[in-house]
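First the structure, in the form of C-alpha cells, and then the observations on it.
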Amino acid sequence: MTLDGILLRAVVTEWRQELIGARVDRVNQLNRHLIVLDLYYGQRSSLVLSFHPSILAGCLGQLHLPKPAVPTSFCMLLRKHLMGARLSNVEQHGCDRVAFLSFERFDELGDRSHLHLVSEWLGTQANLYLIDDRQTILGSLLRPAGPDDGPAPPDGSEKRMLNPGFRYIPPLLPENRPTLCDSDEHTLRAALLDAPAVDARGPAWRWLMGKGSGLGPALSRDLFVRSGLDPESSAAELTRHERTKLAEWLLPLAADVRSARFRPSSIPARGVYAAFPLHSFSQDEQITYPTANQLLIDVLRRQWQDRQMAAQRHRLLQFARRQEKHAAKKIEARRQEWNTSEEAERWRLYGELITANLYRIRRGERQLEAVNYYEPEQPVLTIPLDPLLSPSDNAQLYFTRHKKALRRRELLASLLEESKAEHEYWQTVLNEIEQAEAVDDLVAIEEELLSQGYRVERGEPGKQRTGNGRSHHQRSSIPARTYSLADDWVLYVGRNNVQNDELTMRQARKNDLWLHAKEIPGSHAILRAVNSSPQTFSIPPQEILVAAAQIAAYYSKARFSSNVPVDYTWRKHVRKPKGAKPGMVIYDHHQTVYVTPALPVSETV
C-alpha cells in the first residue's frame, strides 16, 4: 500500500476542514508501526497513522485492532506532550509524502507551547517524529537511520540526522521539478515538452513521475493509458507529439488537484487506489469514495486485518505443527513398545517348559536346555535360570513376567489408540487453520484449543485484561457456512471442530444427511431438505448429493485433489464416543461417492 503526494494532498485538505481546533483525548500505539490519536471537536474521531513499509497511510476512521496492555515509550512520550493539546494547523511539505500536524497547548503555568508531529511516508524510511517549536526532535516512532546506515543520497547531499536531540531537517525537495499540487499550467507543460532527452531513462511511466512531483505509480501509468500510449515503453523514445498527448491529460488533472476536486477510487482485487478514477481498469472493478479518508481507512482496515490474520494464522500453524509432530513421535514410540511387548508368549513358553522339566533341574543351575514340544520340529531351547531360585520359583518368575507383559500390551493398545486419535485431531486442526477465511475463524480455533487445555504462545486473540490483571476469554459465535443447493436443499458446513460438534450433534436432525471426506481431515457437512418434516427421510437427487459432496471435499485436506471419496449417511447413524476430542465421531450404514472438490456457482447464504 503506497501513498502518493496527490492522494496525501486530498487527505490533508479534508483534515484542514474537519480537524482544526480538535482536542487530543487519547493516544494509542496499536503495534510497532501504527499510531492512533483520538480527537474531539464537537464529535469524536480517530486519526490513524500507519508507517509500515507496505502499509503507508494516514486517515480518519476506526481500525478495530486490539490494544497492547503496556504502551511503548514513544506512546508515553506522545501522551505526555499531546494529551489535551489542540490541532492548530495541517500542512503538506510541497507535494511530497510528508505532512506536518501542529499542536498548541498550555502548561500548568498558562504558558503556550507548540509541538509538531511530522509524518514521513517515504517507503522504507517512513517514520513519525515529534518535534518542539525550536524544531528539535523529541522522539520518533521507529529507529531512524544513522549516518552509516544505508546508501548516501543520490544528489550528493549529507544524510539527515534524525535522532532525538538533533534539529529536524525536512526531506530535500528536487530542484526545478514542478509539482502537480502548486505549479501552473505553463510550468508543467514546459517540464514535459522541453525536458532534455538525456534524462529520459527507464520506462516511460517512471520518467513521468520525475516530471511532476506528487504522481504515484498508479496515476502515472494511467495517464499513459488515457493517452493511448504504452507505459512500459522506453522514455527515451517518446516523441514530442506523444508528450503533447500526455500534457493534454496531465494538465486537467493538475487543475483538479489545485482546485481540490478529488474523486478517490480503488480497485480492491488489484490492491490499487488513487485520488482519481483509473482508466486502466473497468468501471465494474472500481469502487469510488466520497472522501479520500474513507478510501484510505477502507484500504487500511483491509490490509491491517489481512496482516493480522496472516500473523495469527502463522502462529497457530506453528503451534499445531509442533503438536502434530509430537503426536506422531508418540505413536512411533508406542509402536516400538508394542513390538517389545510381544515377548509375553516367550515368557509363558519358558515357564511351561521349566514346569515340564522340574525333575531335571537342580538348584544353582544357570540354564536349562529343553525340547520345545509346541513346535513340530521340536527344537532345543536354552532357557536362562536364576541360580538363587528354586526350579519352581524360576517357572513362577516367567509366568509373572508373562502376566505383566499382557497387562502392558493392553495398556499400550489403549495408549496407541489415544495417540492416533490425538494425531488425527491435530491434522484436523491444521486443515481448519489453513482453510480459515476470517480472523473470527482463527479466534474460534484458538478458543477450542484453550478449552482442550492447550495454550498458544503470545498474543492470544479474543483475550482481554480485566481490572484485577487476570484475563477472560470471549466466546466467538460465528455461523456455519451455508450453501443453498437448488430451491429445496440447504448445506451447512462447520468452520472448526467445536462447530462441527455443535452442527452434527445438536443442530442436525436425525433425518438430515451427514457428509465427510472419507478418512481425511475435514469439516462436517449437513444436507437438509428445507420443506421436509423431522420424521421424513428425504433422499436428495443425485446432482444435489454430488454438489454437497464436492463442497464437503473442498473443505477437507484433499481440497486440491481429484476423485476424493466422501462418505454420507443419515445423521442418526453418527455417534460421538465418550471422551472424544471435538469433531471426532464414528458412523456406520454409510455409502461413498467420489467427487472432485469444488464450490457451487451460487453465493454463500
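The structure presented is a predicted model; accordingly, all values stated were derived computationally and were not measured.
- For His573, the NE2 atom sits in a packed shell: over 12 heavy atoms of surrounding residues, nucleotides or ligands are nearer than 6.0 Å.
- The one candidate from Lys576, His524, His516, Arg575 that meets the side-chain hydrogen bond (donor to acceptor under 3.5 Å, both in side chains) condition with Thr504 is His524.
- Residues forming a side chain to side chain donor-acceptor pair (under 3.5 Å) with Trp304 (at least two apart in sequence, or on another chain): Ser50.
- Counting only N and O atoms by type, the side chains of Arg307 and His52 include a donor and acceptor under 3.5 Å apart.
- At least one donor-acceptor pair closer than 3.5 Å links the side chain of Ser220 to the backbone N or O of Trp205.
- Asp25 places no side-chain N or O within donor-acceptor distance of the main-chain N or O of Tyr40, the cut-off being under 3.5 Å.
- Rounding to the nearest 0.5 angstrom, the gap separating the CG atom in Leu415 from the NZ atom in Lys420 is 12.5 Å.
- A donor-acceptor pair is defined here as one N or O able to donate and one able to accept, closer than 3.5 Å; no such pair exists between the side chain of Glu424 and the backbone of Glu519.
- Residues Gln435 and Asn431 have side chains that bring a donor and an acceptor to within less than 3.5 angstrom of each other.
- Using a 4.0 Å cut-off between a side-chain N of Lys or Arg and a carboxylate O of Asp or Glu, Glu434 and Lys557 do not qualify as a salt bridge.
- Between Arg334 and Leu416, the shortest heavy-atom distance links the atoms CB-CD1, 4.1 Å.
- Considering only heavy atoms from C-beta on, Leu515 comes within 4.5 Å of Leu527 through its side chain.
- Using a 4.5 Å cut-off on side-chain heavy atoms (C-beta onward), Ile297 and Leu63 make contact.
- Between the side chain of Arg528 and the backbone N or O of Leu513, no donor-acceptor pair lies under 3.5 Å.
- Residues Gly139 and Leu77 share a closest heavy-atom pair of CA-CD2, 3.8 Å.
- Between Ser119 and Phe100 the shortest side-chain heavy-atom distance does not fall below 4.5 Å.
- In this structure, Asn496 CG and Asp441 CG are separated by 7.5 Å, a value rounded to the nearest 0.5 Å.
- The side chain to side chain donor-acceptor pair (under 3.5 Å) test applied to Gln427 returns no partner, not counting sequence neighbours.
- In summary, Glu422 and Lys330 engage in a salt bridge, as defined by a charged side-chain N under 4.0 Å from a carboxylate O.
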message: Between Val546 and Gln550, is the side-chain contact (heavy atoms from CB on, under 4.5 Å) condition met? List the steps.
response: CA-CA 6 Å; Val546 170; Gln550 287 178 322; 4.2 Å; yes
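- Contact check on Arg44 versus Asp38 returns no salt bridge, with no Lys/Arg side-chain nitrogen under 4.0 Å from an Asp/Glu carboxylate oxygen.
- A donor atom on one side chain and an acceptor atom on the other are not found under 3.5 Å apart for Asn127 and Glu120.
- Separating the CG atom in Leu30 from the CG atom in Asn28 is a distance of 6.0 Å, to the nearest 0.5 Å.
- No more than 12 heavy atoms of other residues, nucleotides or ligands shown are found within 6.0 angstrom of CZ on Arg270.
- The cationic atom of Arg571 (NZ for Lys, CZ for Arg) does not lie both less than 6.0 Å from the six-membered ring centre of Trp514 and within 45° of the ring axis.
- The heavy-atom pair separating Gly58 from Leu49 by the smallest distance is CA-CD2, 4.1 Å.
- Between the Asp567 side chain and the His590 main chain, no donor and acceptor come within less than 3.5 Å of each other.
- Judged by a 6.0 Å distance limit and a 45° cone about the ring axis, Arg481 is positioned over the six-membered ring of Tyr555.
- Of all the heavy atoms in Glu437 and Met309, the pair that sits closest is C-CE, 3.4 Å.
- In plain terms, the two heavy atoms of Arg313 and Ile433 that are nearest each other are NH1-O, 2.6 Å.
- For Arg263 and Phe276, the positive end is not near the middle of the six-membered ring at less than 6.0 Å and at most 45° from its axis.
- Scored by the ring pair (Phe, Tyr, Trp, His ring centres under 6.0 Å) test, Trp15 finds no partners at all (sequence neighbours excluded).
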field: Verdict with reasoning, Tyr454 to Trp426, per ring-ring contact (aromatic ring centres under 6.0 Å, His included)
entry: CA-CA 12 Å; Tyr454 301 102; Trp426 285 112; 4.8 Å; yes
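- When all heavy atoms are compared, the tightest approach of Lys581 to Asp501 is O-OD2, 4.5 Å.
- Residue Met76 places its CE atom among 12 or fewer non-hydrogen atoms of other residues, nucleotides or ligands, all under 6.0 Å distant.
- The CD1 atom of Ile287 lies 8.5 Å from the OG atom of Ser265; values are rounded to the nearest 0.5 Å.
- Salt bridge Arg302/Asp306: absent, no basic N to carboxylate O contact under 4.0 Å.
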